[in-house]
Amino acid sequence: MRIAAVQLDIAWEDKTANHTTIERMLREAQVAPGTYVVLPELSDTGFSFNVDAIADGLSAAWAADLARRLGIWLQAGFAEHGSGGKARNCAAIVTPRGEITGVYRKVHPFGYSREPEHYGGGDRLVIRECDDARVCPLICYDLRFPELWRLAASTNAEVFTIGASWPDTRQSHWRALSIARAIENQAYVIAVNRVGTDPYLAYAGGSIIVSPGGDIVAEAGRDPTVLTADLDLAALRAWRAEFPALRDIRPELLGTIQIDQSIEHQSARPAAP
């Protein structure tokens, strides 16, 4: 499985500029068809609470078009209108045919930043089979809640893809927790953070790809970049079989949140033009 993690400086609430930047970065990195591309949280607006303006449906439509044109898998972050007068902070998985195969809605809005005043929490995990890998998308603050990851791992999630707007002030936590989530779940973790600044915070990037054994496969600094890596799924499965810690999970200690795992094999072959 080929991965590309796009670490960019997100222009504040400017979708057109961000779409242009993302497409340019993918072209310059020569990202091949069939690659699974991960973007940061709210990837074309920044971590904005101006939900009436940014939840316009254009982000998902753009992501579907881009995935189809490039023949890539694309995990894009965006806001959508939800129930109760609040939006949802989303991560969609788009197939190389331009079809949205699943949408994860952030389960843990970040209370410290008053996100829950504008965004409601999701009520389920999402796991999708992308080519031969079982992928579970998550978003930013979810990194601090290992029980959510463990529940997905107990359902055989193999690759966790998390997009974030993680602030510079807690950057050491970002790195340590990303590595811990990989080790404890014997899974690949692709953790993609943004760089630059918005009107409120600074972001240090540090996007990272971690192996199921906790080894660093690739890691970014503080500049915009595209990290790429090939994930060895055979090695992941061999490690889980050799050291079967996940078999010792006690299901009664896990939560009961719904797991949407509408697993149908999805090919990386793009649709015909």
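By the rule that hydrophobic residues join a cluster once side-chain heavy atoms approach within less than 4.5 Å of another member, Phe47 and Ile22 end up as members of separate clusters.
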Worked verdict on Asn156 versus Arg240 for side-chain hydrogen bond (donor to acceptor under 3.5 Å, both in side chains): CA-CA 10 Å; Asn156 204 28; Arg240 285 184 171 184; 3.0 Å; yes

Working for side chain to side chain contact (heavy atoms under 4.5 Å, CB included), residues Cys136 and Val126: CA-CA 6 Å; Cys136 179; Val126 171; over 6 Å; no

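A perpendicular orientation is assigned to the rings of Tyr200 and Trp12, their planes being inclined by more than 60° (bins at 30° and 60°). In this structure, Tyr141 and Phe110 have tilted ring planes: the angle between them lies in the 30° to 60° band.
Rounding to the nearest 0.5 angstrom, the gap separating the CD atom in Glu252 from the CG atom in Leu254 is 8.0 Å.
Side chains of Gln258 and Asp123: a donor-acceptor N/O pair is absent below 3.5 angstrom, by distance only. Side-chain atoms of Gln261 and Arg134 include a donor-acceptor pair closer than 3.5 Å.
Comment: Asp132 engages Arg237 in a salt bridge, judged by a side-chain N to carboxylate O separation of less than 4.0 angstrom. Between Glu147 and Arg150 there is no salt bridge, since no side-chain N of the basic residue sits under 4.0 Å from a carboxylate O of the acidic one. The pair Glu99-Arg68 does not meet the salt-bridge criterion, since no charged nitrogen lies less than 4.0 angstrom from a carboxylate oxygen. Between Arg2 and Asp230, at least one side-chain nitrogen of the basic residue sits less than 4.0 Å from a carboxylate oxygen of the acidic one, meeting the salt-bridge criterion.
For the pair Tyr36 and Ile72, the minimum side-chain heavy-atom distance is 4.5 Å or more. For the pair His81/Arg88, no side-chain contact is recorded, criterion being any heavy-atom separation below 4.5 Å from C-beta on. Residues Cys90 and Tyr104 fail the side-chain proximity criterion, which asks for heavy atoms closer than 4.5 Å. For the pair Thr228 and Ile3, the minimum side-chain heavy-atom distance is 4.5 Å or more. Side-chain contact check for Leu143 versus Arg181: some heavy-atom pair is nearer than 4.5 Å.
Residues satisfying the salt bridge (Lys or Arg N to Asp or Glu O under 4.0 Å) criterion with Lys86, sequence neighbours excluded, are absent altogether. Judged as a salt bridge (Lys or Arg N to Asp or Glu O under 4.0 Å), and not counting sequence neighbours, the contacts of Asp56 are Lys15. Remark: Asp9 pairs with Arg194 by the salt bridge (Lys or Arg N to Asp or Glu O under 4.0 Å) rule, at least two apart or across chains.
Side chain of Thr21 to main chain of Ala17: a donor-acceptor pair is present (N/O by atom type, distance under 3.5 Å, no hydrogens or angles). Counting only distance, with no hydrogens or angles, the side chain of Trp149 and the backbone of Asp142 share a donor-acceptor pair below 3.5 Å. Using modelled atom types, no side-chain atom of Tyr112 and backbone atom of Glu115 make a donor-acceptor pair closer than 3.5 Å. Between the Asn18 side chain and the Ala11 main chain, a donor and an acceptor come within less than 3.5 Å of each other. The backbone N or O of Leu227 lies less than 3.5 Å from no partner atom in the side chain of Thr225, so there is not a single donor-acceptor pair. In this structure a side-chain-to-backbone donor-acceptor pair under 3.5 Å is missing from Ser48 to Glu13. Using a distance-only test at 3.5 Å, with no hydrogens or angles considered, a donor-acceptor pair links the side chain of Arg128 to the main chain of Asp260. The main-chain N or O of Cys140 is never found under 3.5 Å from a side-chain atom of Trp166 such that the two would form a donor-acceptor pair. Between the Thr35 side chain and the Val31 main chain, no donor and acceptor come within less than 3.5 Å of each other.
Ile127 approaches Ala157 most closely through the heavy-atom pair CD1-CB, 4.1 Å. Scanning all heavy atoms of the two residues, the minimum distance from Pro167 to Leu201 falls at CB-CD1, 4.3 Å. The minimum heavy-atom distance linking Ile190 with Leu231 is given by the pair CD1-CD1, 3.9 Å.
The hydrophobic cluster around Leu253 extends to none of the other residues, as no ILVMFWY side-chain heavy atom falls under 4.5 Å of it.
Applying the side-chain hydrogen bond (donor to acceptor under 3.5 Å, both in side chains) rule to pairs touching residues 201-218 yields Gln7-Ser207, Asp198-Tyr203, sequence neighbours excluded. Residue pairs that meet the ring-ring contact (aromatic ring centres under 6.0 Å, His included) test with at least one member in residues 214-241, sequence neighbours left out, are Trp239-Phe243.
Around atom CZ of Arg114, no more than 12 heavy atoms belonging to other residues, nucleotides or ligands sit under 6.0 Å away. Within a 6.0 Å sphere centred on CD of Gln30, other residues, nucleotides and ligands contribute 12 heavy atoms or fewer.
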